[in-house]
Chemist: 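Structure in structure tokens, see below.
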Amino acid sequence: MATDELASKLSRRLQVEEHNGEAAAAAVAAAEQEPALDSGAGGELSAKLQRRSELNQGGDPAQLSPGSAHKVFSPYTEFREFSRRQIKDMEQLFRQYDAGKDGFIDLMELKRMMEKLGAPQTHLGLKNMIKEVDEDFDGKLSFREFLLIFRKAAAGELEEDSGLHALARLSEIDVSTEGVKGAKSFFEAKVQAINVTSRFEEEIKAEQEEKKRQAEEMKQRKAAFKELQSAFKQ
């Protein structure tokens, strides 16, 4: 009797284990058939994590594309309007203010940069500066986005009273090399505009001085004429 009962229990246990194994296999197969994370938030997060991983492993941030961890960014091929020397100068300036050495200029680093350049900005002004070229919306400037500032400046796409315009103008990057037509034209036009403005102001000042001198002479002549009239009346 006991032997039959034990055999019955073992049989039921084997059936349960077989059923559980089939269910687990079905779950695994269903999981394998499910699509991976879509290319939206999941793909973007994966790309950013991969890019961070490459940076932590010593990758050159200046050579990484902001949108992809695998696409190599070459400033010399993408920004052909600038010479290699100019891009090197821009990279040196970028690294100078990248205090965290993470391949980005964040808001506080940009704040210190603008203060050093003699054009301090408000907190909102700094955020607007970053926003204007922040293609990946991470709230800071990559080297590529930093180069976009000078591209926009060279193309005359920046407002003259904007922080980015002040950055491009005060950074002392020499863009007068032959062949850099856009940037050269922009900065030459700026210098010419400044010279014209200065000359115009000097001309106005000279005219005012001349009018003042003529008025003084007229006053002296009138005084002399009155003295002469008084002498005749006597």
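What you see is a predicted model, and the numbers here were worked out from it, not measured in a lab. This chain uses plain numbering: 1 for the first residue, then up along the sequence.
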Chemist: Distance-only check: which donor-acceptor pairs under 3.5 Å involve side-chain atoms of residues 110-119, not counting sequence neighbours?
Modeler:
residue, atom, partner, partner atom, Å
K111, NZ, E115, OE2, 2.7

Chemist: Please determine whether side chain to side chain contact (heavy atoms under 4.5 Å, CB included) holds for the pair L147 and F73, giving the CA-CA distance in whole Å, both sets of side-chain angles, and the decisive distance to 0.1 Å.
Modeler: CA-CA 12 Å; L147 290 177; F73 161 56; 4.1 Å; yes
Chemist: Should L141 and I149 count as side-chain neighbours, where that means a heavy-atom distance under 4.5 Å?
Modeler: yes
Chemist: Check whether any side-chain N or O of E145 sits under 3.5 Å from a backbone N or O of S142 as a donor-acceptor pair, and report yes or no.
Modeler: yes
Chemist: How would you list all residue pairs meeting side chain to side chain donor-acceptor pair (under 3.5 Å) that involve residues 122-134, not counting sequence neighbours?
Modeler: none
Chemist: Which distance, rounded to the nearest 0.5 Å, do you find between the CG of L107 and the CD of Q121?
Modeler: 11.0 Å
Chemist: Would you say that more than 12 heavy atoms from the other residues, nucleotides or ligands in this model lie under 6.0 Å from the CD of Q92, or not?
Modeler: no
Chemist: Enumerate the salt bridge (Lys or Arg N to Asp or Glu O under 4.0 Å) contacts for residues 215-225, please, sequence neighbours excluded, ordered by first and then second residue.
Modeler: R213-E217
Chemist: Checking D98 side chain against I105 main chain: does a donor-acceptor pair fall under 3.5 Å?
Modeler: no
Chemist: Is any side-chain heavy atom of H165 less than 4.5 Å from a side-chain heavy atom of E159?
Modeler: no
Chemist: Are any side-chain N or O atoms of S171 and backbone N or O atoms of L167, one a donor and one an acceptor, separated by less than 3.5 Å?
Modeler: yes
Chemist: How would you list, by chain and number, every residue that makes a ring-ring contact (aromatic ring centres under 6.0 Å, His included) with F94, sequence neighbours excluded?
Modeler: F143, F146
Chemist: Heavy-atom distance under 4.5 Å between the side chains of R144 and F79, does that happen here?
Modeler: yes
Chemist: Does T77 offer a backbone N or O that forms a donor-acceptor pair with the side chain of R80 under 3.5 Å?
Modeler: yes
Chemist: Q96: what forms a side-chain hydrogen bond (donor to acceptor under 3.5 Å, both in side chains) with it, not counting sequence neighbours?
Modeler: none
Chemist: Would you give the length of the straight line joining atom CD1 of I87 to atom CD of E78, rounded to the nearest 0.5 angstrom?
Modeler: 9.5 Å
Chemist: Going from CG on L164 to CE on M129, what distance comes out if it is rounded to the nearest 0.5 angstrom?
Modeler: 4.5 Å
Chemist: What pair of heavy atoms forms the shortest contact from F82 to R151, and how long is it?
Modeler: CZ-N, 3.9 Å
